[in-house]
> 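Before anything else, here's the structure in question.
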Amino acid sequence: MNARRAVGGIALLFLAGLIGTAIAAPVKPDDRQAVLDLNTITGNAAIVGKIDELTKKPDVAKKLIKVGADLAKQKDSPLGYNSALILGRLAEKFKLADDGIALYRHLGQLAVKRGSNRGIATSLLGMLELTTAAGKHADAEKICLEVIRLRTDEEDPLDDVKGLAFRRMILAIARQGKSDRALGIIDDEIKAQPKNFLMRALKAQLFMELKKYDDAVTSYKEVIESIDSNMAIDKATRDEIANDYRYILSGVYTEAGQPEKAIEVLRDLLKRDPSNAGYNNDLGFILADNGKDLPEAEKLIRKALEEDRKARAKAAGGTLPKDDKDNASYLDSLGWVLYKQGKAKEAKPYLEQAVKDPRGQHLEIFDHLGDVHLALGETEAAIAAWKKGLEFATDGARDQKRKITVEKKIKDAMEKK
């Protein structure tokens, strides 16, 4: 039996049956043509460019997604591969789960006909993102299994995708309330591959998912020890990988409400790599957020911005392009440390610049901007910033906790008007 055909057969059955078949709605001719025209866009750069263009036109994009999904549901659908790919990616961006799943299912069916493992994997991973975002964790687990079962040749880059699918499957199992089963699978893998630090890292990640912070700390320390003692990896690489996990560990301490431990880890990392923008920013922000060593915190954050600019300039060939933007998170950190020092007027432009960048449109940053507006006596602007921030609140524990605080700030400010 041809292995590629065998894979296609399994995936085709799965792609057809993952989620109940929906009835296609009628499509207007002009809308139909607008979607089909997307198939003329070829080449990765052009496809990415079109996705970016439509992301900036949400009303247009959402209409095309809906029409594309309806076309995907039709028997003998005219929807092409590139059209389905572009609209599937857009559905991910706008978190339109049902339409996105229909588009990616269609993409996968076309990939099966082409005999393209890469296309099948793209389809399944796209569906995985959408099912996860929609909280359909049982479906997410099934998709992960299908990715893992894809037959690939040796050294096929899709093997990396399989590793990702395994990690996501563990989280999907845990999110169904089956954490013991998920931990059991990981422990079996650790026994089978005692030198594979990635399995230990996955266990640590699962403990974070379960909010078992002490266990997560222990596991990440084991990961770092495993890397440091692995003489099969050259020292420079060992140090680089171990530092990545030390950085993650600092985040675990922050999530666990242990800022002093996070500060200790970040200070150690800065000794190892003084020019690292991320280390400088995070240490500066944690110090500022906890009202500690504010002048030092400001200095660290400004260094983070400087080092980040140097890195961007180097990547651009030595000169920053005219449309270059500073990292929104670092701008937020600078605005926040200035606010903490009683310099709300100086803080305001940095925070306003941060939220103008789509990458800076987070509840936390809008919350900081609201606090600055309030300190300047700009109550209406503060309320507007807080309300805008609520639009970007995620389902994560941190955002949900902050959401409650922000809603109270809005209520208090409106009562004092």
Side-chain angles (χ1 to χ4, degrees), residues 55 58 62 92-97 129-137 140 171-172 174-177 205 207-213 216 248 250-259 262 281-282 285-291 327-340 344 347-348 350-417:
T55 299
K62 289 176 183 179
E92 275 190 72
K93 286 180 178 288
F94 291 108
K95 295 182 171 59
L96 300 174
E129 292 298 329
L130 288 160
T131 51
T132 300
K136 299 178 179 179
H137 302 304
L171 296 177
R175 287 167 183 169
Q176 294 173 65
Q205 184 182 357
F207 281 135
M208 281 296 291
E209 176 83 12
L210 300 172
K211 296 182 176 58
K212 294 184 176 182
Y213 299 119
I248 293 171
S250 73
V252 176
Y253 281 129
T254 300
E255 287 289 322
Q258 300 179 51
N281 175 73
D282 283 21
F285 181 82
I286 292 174
L287 289 171
D289 208 36
N290 289 275
N327 184 301
S329 293
Y330 299 174
L331 291 170
D332 170 54
S333 296
L334 182 55
W336 193 233
V337 73
L338 290 169
Y339 166 79
K340 285 285 193 172
K348 181 179 170 181
Y350 293 112
L351 289 163
E352 288 179 329
Q353 189 179 341
V355 297
K356 285 178 183 176
D357 187 335
R359 294 167 296 181
Q361 292 174 344
H362 301 289
L363 174 57
E364 182 175 19
I365 301 180
F366 277 106
D367 184 18
H368 292 164
L369 178 59
D371 286 352
V372 166
H373 279 307
L374 192 66
L376 294 171
E378 301 165 355
T379 305
E380 290 290 346
I383 292 170
W386 287 324
K387 285 184 174 179
K388 187 66 177 177
L390 291 175
E391 295 177 15
F392 296 96
T394 68
D395 294 330
R398 287 183 68 185
D399 265 17
Q400 287 304 303
K401 184 177 179 180
R402 186 176 291 272
K403 182 179 177 183
I404 294 169
T405 302
V406 169
E407 287 172 340
K408 186 176 186 304
K409 288 180 181 180
I410 293 170
K411 182 182 177 183
D412 290 347
M414 293 183 73
E415 288 175 352
K416 292 177 182 177
K417 282 173 58 180

> Evaluate Leu334 against Tyr339 for side-chain contact (heavy atoms from CB on, under 4.5 Å), listing each step before the verdict.
CA-CA 9 Å; Leu334 182 55; Tyr339 166 79; over 6 Å; no
> Check whether His362 reaches the backbone of Arg359 with its side chain - one donor and one acceptor, N or O, closer than 3.5 Å.
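Yes, His362 side chain to Arg359 backbone: donor-acceptor pair under 3.5 Å.
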> Heavy atoms, side chains only, cut-off 4.5 Å: are Tyr253 and Pro259 in contact?
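Tyr253 vs Pro259: side chains apart.
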> Any chance you could measure Thr254, atom OG1, to Asn290, atom CG, to the nearest 0.5 Å?
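Output value for this atom pair is 8.5 Å.
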> Do NZ/NE/NH1/NH2 and the carboxylate oxygens of Lys416 and Asp412 come within less than 4.0 Å?
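Asp412 and Lys416: not salt-bridged.
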> Hey, what do you get for OG1 (Thr405) to CD (Gln400), rounding to the nearest 0.5 Å?
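It is 11.5 Å, given to the nearest 0.5 Å.
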> Does the side chain of Glu380 come within less than 4.5 Å of His373's, by heavy atoms?
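Not touching, per the 4.5 Å side-chain cut-off.
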> Measure centre to centre between the rings of Phe207 and Tyr213, then say whether the value is under 6.0 Å.
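When the ring centroids of Phe207 and Tyr213 are compared, they turn out to be at least 6.0 Å apart.
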> Is any side-chain N of the basic residue among Lys340 and Asp289 closer than 4.0 Å to the acidic one's carboxylate O?
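So Lys340 does not pair with Asp289 through a salt bridge.
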> Locate the shortest heavy-atom distance separating Ser250 from Ala262; write the atom from each residue and the value.
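For Ser250 versus Ala262, the nearest heavy atoms are O-CB, 3.4 Å.
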> Taking all non-hydrogen atoms of both residues, which atom of Phe366 and which atom of Ala385 are closest, and how far apart?
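The pair with the smallest heavy-atom distance is CB-O, 3.4 Å.
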> Can you tell if the side chain of Leu390 reaches within under 4.5 Å of the side chain of Ile410, non-hydrogen atoms only?
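Yes; the side chains approach each other to less than 4.5 Å.
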> To the nearest 0.5 Å, how far apart are CG in Asp332 and CG in Asn327?
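It comes to 10.0 Å.
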> Considering non-hydrogen atoms only, spot the tightest contact between Leu351 and Gly335 and give its length.
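Shortest heavy-atom separation between Leu351 and Gly335 comes out as CG-CA, 4.1 Å.
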> Take Trp386 and Asp367 through the test side-chain contact (heavy atoms from CB on, under 4.5 Å) and record every step on the way to the result.
CA-CA 6 Å; Trp386 287 324; Asp367 184 18; 3.2 Å; yes
> Within the 4.5 Å heavy-atom criterion, are Leu171 and Gln205 side-chain neighbours or not?
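Counting from C-beta outward, Leu171 and Gln205 do come under 4.5 Å.
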> Considering the options Lys401, Lys212, Arg398, which one meets the salt bridge (charged side-chain N to carboxylate O under 4.0 Å, His left out) requirement together with Glu255?
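Only match with Glu255 under salt bridge (charged side-chain N to carboxylate O under 4.0 Å, His left out): Arg398.
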> Which heavy atom of Ala347 sits nearest to which heavy atom of Leu338, and what is that distance?
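The answer is CB-CB, 3.9 Å.
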> Under the criterion side chain to side chain contact (heavy atoms under 4.5 Å, CB included), which of Ile383, Asp371, Ile404 is the partner of Lys409?
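Considering Ile383, Asp371, Ile404, a side chain to side chain contact (heavy atoms under 4.5 Å, CB included) with Lys409 is found only for Asp371.
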> How close do Ala393 and Leu363 get, counting heavy atoms only, and between which atoms?
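Smallest interatomic distance, heavy atoms only, reads CB-CD2, 4.0 Å.
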> Is the closest side-chain heavy-atom distance between Gln361 and Phe392 below 4.5 Å?
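Side chain of Gln361 against side chain of Phe392, heavy atoms only: contact under 4.5 Å found.
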> Where does the angle between the aromatic ring planes of Phe285 and His368 fall among parallel (under 30°), tilted (30 to 60°) and perpendicular (over 60°)?
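Because their plane-to-plane angle lies in the 30° to 60° range, the rings of Phe285 and His368 count as tilted.
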> Heavy atoms only: give me the nearest Gly360-Ala328 pair and the separation to one decimal.
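Where Gly360 meets Ala328 most closely, the heavy atoms are CA-CB, 3.6 Å.
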> I'd like to know whether Glu209 forms a side-chain contact (heavy atoms from CB on, under 4.5 Å) with Arg175, so could you lay out the CA-CA distance, the side-chain angles of the two residues, the decisive distance to 0.1 Å, and finally the verdict.
CA-CA 9 Å; Glu209 176 83 12; Arg175 287 167 183 169; 2.6 Å; yes
> Taking Glu352 as the fixed residue, which of Leu331, Leu369, Val372 is the one that meets the side chain to side chain contact (heavy atoms under 4.5 Å, CB included) rule?
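When side chain to side chain contact (heavy atoms under 4.5 Å, CB included) is applied between Glu352 and each of Leu331, Leu369, Val372, only Leu369 qualifies.
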> So that I can tick it off, tell me whether Lys348 and Glu378 are bridged by a salt bridge, with the cut-off set at under 4.0 angstrom between side-chain N and carboxylate O.
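Looking at Lys348 together with Glu378, the answer is yes, because their closest N to O distance falls below 4.0 Å.
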